Enquirer: 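Below you'll find the structure I mean.
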Amino acid sequence: MAESGEAPRTVILTVDDDPGVSRAVARDLRRRYGGSHRVVRAETASAALEALQEMKLRGDLVAVIVADYRMPQMNGIEFLERAMDVFPGARRVLLTAYADTGAAIDAINLVDLDHYLLKPWDPPEEKLYPVVDDLLDSWLASDHRPVPETKVVGHRWSAHSSEVREFLARNQVPYRWYPSDEPEGQRLLAAAGEDGLRLPLVITADGRVLVEPDARELAGRVGLATAPSADFYDLIVVGGGPAGLGAAVYGASEGLRTVLVERTATGGQAGQSSRIENYLGFPDGVSGAQLTDRARRQAARFGAEMLTAREVVGLEVNGPSRTVRFADGSAIAAHTVILATGVTYRQLDAPGVAGLTGRGIFYGAALTEAAGCAGKDVHIVGGANSAGQAAVYLAKGARSVTILVRAADLTRSMSHYLVQQIAELPSVTVRARTEVARAHGSDHLERLTLRDTVTGATEEVDAQWLFVFIGAAPLTGWLEGVVVRDERGFVVAGPDLAPGGEPPKGWPLDRVPYHLETSVPGVFVAGDARSESAKRVASAVGEGAMAVMLVHRYLERL
Ligand SMILES: Cc1cc2nc3c(=O)[nH]c(=O)nc-3n(C[C@H](O)[C@H](O)[C@H](O)COP(=O)(O)OP(=O)(O)OC[C@H]3O[C@@H](n4cnc5c(N)ncnc54)[C@H](O)[C@@H]3O)c2cc1C
């Protein structure tokens, strides 16, 4: 098989088992269309089918297929029939000798043939180009947008498919979603040689197929850095939320060799917030994804290295060096570390919920799922600002939004402006003194049993979508025995470690810990993970910046 040109991705494919004829068709096609199309030539039907499958995976577009009728493995009609399974929109031309005109006419009905061409087609200006011009025009008139981005084929209600989509979206990797039970999803599965039992399938922009990928494999294949470029840094930032990104921007911009390590996607909780209204400088609000994407790009521009899909599971102190260990056992070290691991959502503890998570039950806003809720009834559990923001956001598309809250109303737990916004939305209802007692469904959430927290009475309601916002806890178990944490697991720092002006037990220096410094010198904490922190984007960013200033102070005295 031979190809011409690289840049244009729209393809005209020709297949003929006679090498001379094959070359002649390709030559004539290239002469006229080579500048605007890629002309792909094959000499067997199976090579042509293979090429079509590859092009399908790469996201190329096939506009016209020209196939010879008499070929040994399968005739041109059979070939075009198979080609239609891969590119149903491609225009189909059969090349025939005069004696085969009857077969060609039959094929018009059989494979919906667009045209048949009699050999020889000389002069092409009269016999070939007018036909192909017409076919290209009609092909262009229908919707054939190129899909060069990552493609995800998955089951609509699969937790793993949902995780993969969320991961790509949060890492700002453009992708297109194809449910596995729809024709284009099935075509992609067939092109990848998969039967759909192992999902999701991710097809990268360059046509590589990943079956049921984990976050690290996915990150590596879609161009996100997962491996550190050095063994030793000035500063390791653990966590890529606002605090970590703030620290990375200031650290790198002030000349520190900085690496940020994030276990899923940069942005943290803020990256999942549909609209942050109270961040300084954005009077009209800003989506969390937008804000944190800008921060990520800013950190990268200053030279901060950012590793995604790498979870830190250990911190070791080796003299003046601080070692951070990853889940796979590898490690990097630095003079200083900033812990910016934030908090993670608390799980809803009711029978049936765990099994349906990702299948109609989502933690956080799961904004990638919002499109699926259009015109549907949505339930939200939680009474804090995050639940309120999600209600306002989802109400734009959902038929109804019901907020389930244990308290008598929202006023104690939610900001006044959000309570007012919710009151003005006719499709949003607040169901007070209510908790989820059980979730029902086999493949997907179908119903919820709700319990009245005062009377204990239960009621079953139809429900396909449930978003949970019931508070959060720090994920700091891996710091046990290394840095001091409070009774809820938040990291204690600065003056809180030295209440009477006395340094904490085992503190090795003749000064008390700096403001955001933990019980280990040179290890700082910023943002929501810190004991008694403000749990706000602005304060997290501010603490990230301040921690870097304290890193400089620490390094000066090292
Ligand atoms: C839906 C929602 C809406 C919100 N709206 C607002 C708002 O309008 N205004 C406002 O001021 N605040 C808002 N907040 C709160 C705000 O988002 C948080 O206070 C802020 O994100 C905290 O930043 P952080 O960097 O400390 O932690 P996080 O944002 O929690 O980020 C921590 C990061 O660390 C990573 N991590 C954790 N452990 C590890 C590990 N071991 N290894 C590697 N990485 C790790 C996590 O994956 C995460 O990305 C909202 C929060 C939510 C959930």
Side-chain angles (χ1 to χ4, degrees), residues 166-167 170-171 215-216 226 236-249 259-280 282 285-289 291-292 295-296 306-315 324-327 332 337-346 362-367 380 382 384-394 414-415 417-418 421 467-479 489-491 516 525-531 533-545 547:
E166 178 92 8
F167 179 84
R170 290 185 56 199
N171 277 298
R216 188 158 168 206
T226 56
I236 299 172
V237 180
V238 186
L245 287 168
V249 165
V259 62
L260 180 150
V261 185
E262 165 56 52
R263 85 192 147 112
T264 53
T266 50
Q269 300 164 70
Q272 296 175 53
S273 166
S274 47
R275 195 134 208 97
I276 299 168
E277 307 246 17
N278 55 359
Y279 190 67
L280 189 72
F282 292 89
V286 58
S287 89
L291 185 71
T292 53
R296 187 184 53 75
M306 274 172 286
L307 311 181
T308 17
R310 295 305 300 269
E311 179 162 14
V312 171
V313 296
L315 175 67
V324 155
R325 198 160 290 286
F326 298 117
I332 47 175
V337 172
I338 294 177
L339 303 170
T341 48
V343 293
T344 199
Y345 299 108
R346 199 162 277 144
F362 300 94
Y363 285 87
L367 298 179
I380 291 175
N385 280 5
S386 50
Q389 283 175 7
V392 172
Y393 181 76
L394 292 167
M414 200 177 281
S415 291
Y417 81 91
L418 270 174
Q421 275 183 25
F467 294 91
V468 184
F469 298 85
I470 51 169
L475 280 183
T476 54
W478 57 280
L479 292 167
F490 290 93
V491 177
L516 298 174
V525 61
D528 283 14
R530 185 175 66 79
S531 179
S533 61
K535 313 285 184 291
R536 290 285 182 274
V537 177
S539 50
V541 172
E543 287 187 11

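Whatever order the structure lists ligands and atoms in, that order sets their numbers, starting from 1. Only a predicted model underlies this, so the values are computations on that prediction, with no experimental measurement involved.
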Enquirer: Compute the shortest N/O to N/O distance between Glu311 and ligand 1 and return yes if it is under 3.5 Å, no if not.
Expert: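 In fact, backbone or side chain, Glu311 has no N or O that close.
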Enquirer: Looking at Gly527, which atoms of ligand 1 are within less than 4.0 Å of one of its heavy atoms?
Expert: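 Under 4.0 Å from Gly527, ligand 1 has these atoms: 26 (O).
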Enquirer: Measuring only between side-chain heavy atoms, which start at C-beta, is Val312 closer than 4.5 Å to Val324?
Expert: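 Side-chain contact under 4.5 Å: yes.
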Enquirer: Can you list the atoms of ligand 1 that are under 4.0 Å from a heavy atom of Val261?
Expert: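 Taking each heavy atom of Val261 in turn, ligand 1 has 43 (C), 44 (N) under 4.0 Å.
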Enquirer: Between the candidates Val238, Ile276, Thr264, Thr341, which shows the shortest non-hydrogen contact distance to atom 32 (C) of ligand 1?
Expert: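 Considering heavy atoms of Val238, Ile276, Thr264, Thr341, the nearest to atom 32 (C) of ligand 1 sits in Thr341.
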Enquirer: Under the side-chain contact (heavy atoms from CB on, under 4.5 Å) test against Met306, which residue among Val259, Val237, Leu245 passes?
Expert: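 With Met306 as partner, side-chain contact (heavy atoms from CB on, under 4.5 Å) holds for just one option, Leu245.
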Enquirer: Which option wins on minimum heavy-atom distance to atom 7 (C) of ligand 1: Lys535, Gln389, Arg536, Glu262?
Expert: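 Ranked by closest heavy atom to atom 7 (C) of ligand 1, first place is Gln389.
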Enquirer: What atoms of ligand 1 come closer than 4.0 angstrom to any heavy atom of Ala340?
Expert: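 Listed by number with element, the hits are 32 (C), 33 (C), 34 (O).
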Enquirer: Quick one: does Thr266's side chain get under 4.5 Å of Thr292's, heavy atoms only?
Expert: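 Counting from C-beta outward, Thr266 and Thr292 never come under 4.5 Å.
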Enquirer: With nothing but distance in play, are any N or O atoms of Ala243 less than 3.5 Å from an N or O of ligand 1?
Expert: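 By distance alone, the answer is yes.
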Enquirer: May I ask you to test the Phe490-Thr476 pair for a side-chain heavy-atom distance under 4.5 Å?
Expert: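 Side chain of Phe490 against side chain of Thr476, heavy atoms only: no contact under 4.5 Å found.
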Enquirer: Which ligand 1 atoms does Val343 reach within 4.0 Å, using its non-hydrogen atoms?
Expert: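 By the 4.0 Å cutoff, the relevant atoms are 30 (O).
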Enquirer: Sequence neighbours excluded, which residues qualify as side chain to side chain contact (heavy atoms under 4.5 Å, CB included) partners of Thr264?
Expert: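 For Thr264, the residues satisfying side chain to side chain contact (heavy atoms under 4.5 Å, CB included) (neighbours in sequence not counted) are Arg170, Glu262.
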Enquirer: Are Leu418 and Glu277 side-chain neighbours, meaning at least one heavy-atom pair lies under 4.5 Å?
Expert: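 Not in contact.
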Enquirer: My understanding is that we take every heavy atom of each candidate and find the minimum distance to atom 51 (C) of ligand 1. Doing that for Arg310, Arg263, Gln269, Arg170, which one comes out nearest?
Expert: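 Of the listed residues, Gln269 has the closest heavy atom.
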Enquirer: Which one of Val537, Asn278, Leu245, Asn385 has a non-hydrogen atom at the shortest distance from atom 9 (N) of ligand 1?
Expert: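 Answer by nearest heavy atom: Asn278.
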Enquirer: How about Phe469 and Ile380: do any of their side-chain heavy atoms sit closer than 4.5 Å?
Expert: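 In contact.
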Enquirer: What part of Tyr345 sits under 4.0 Å from ligand 1 if we count only heavy atoms: the side chain, the backbone, both or neither?
Expert: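 Just the side chain.
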Enquirer: Pick one of side chain, backbone, both or neither for how Asp528 approaches ligand 1, counting any non-hydrogen atom pair under 4.0 Å.
Expert: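 Under 4.0 Å from ligand 1, Asp528 contributes backbone and side-chain atoms.
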Enquirer: I want to know if ligand 1 touches Ala540 in the polar sense, i.e. an N/O pair below 3.5 angstrom.
Expert: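 No, Ala540 has no N/O under 3.5 Å of an N/O on ligand 1.
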Enquirer: Just by distance, do the side chain of Glu311 and the backbone of Arg263 share a donor-acceptor pair under 3.5 Å?
Expert: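 No; judged by distance alone, with no hydrogens or angles, the pair does not exist.
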Enquirer: May I ask whether Trp478 has any heavy atom positioned less than 4.0 angstrom from an atom of ligand 1?
Expert: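 Yes, that is the case, since the closest heavy atom of the residue is under 4.0 Å from the ligand.
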Enquirer: Checking side-chain hydrogen bond (donor to acceptor under 3.5 Å, both in side chains) between Ser533 and each of Arg536, Lys535, Arg530, which is the one that passes?
Expert: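 Considering Arg536, Lys535, Arg530, a side-chain hydrogen bond (donor to acceptor under 3.5 Å, both in side chains) with Ser533 is found only for Lys535.
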Enquirer: Counting heavy atoms only, name the option from Gly241, Ser386, Ala270, Pro242 that's nearest to atom 23 (O) of ligand 1.
Expert: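 That would be Pro242.
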Enquirer: Would you say the side-chain atoms of Asn385 pair up with the backbone N or O of Ser415, donor to acceptor, closer than 3.5 Å?
Expert: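 Answer holds: yes.
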Enquirer: Provide the number and element of each atom of ligand 1 under 4.0 Å from a heavy atom of Gly240.
Expert: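 It comes down to these atoms of ligand 1: 33 (C), 34 (O).
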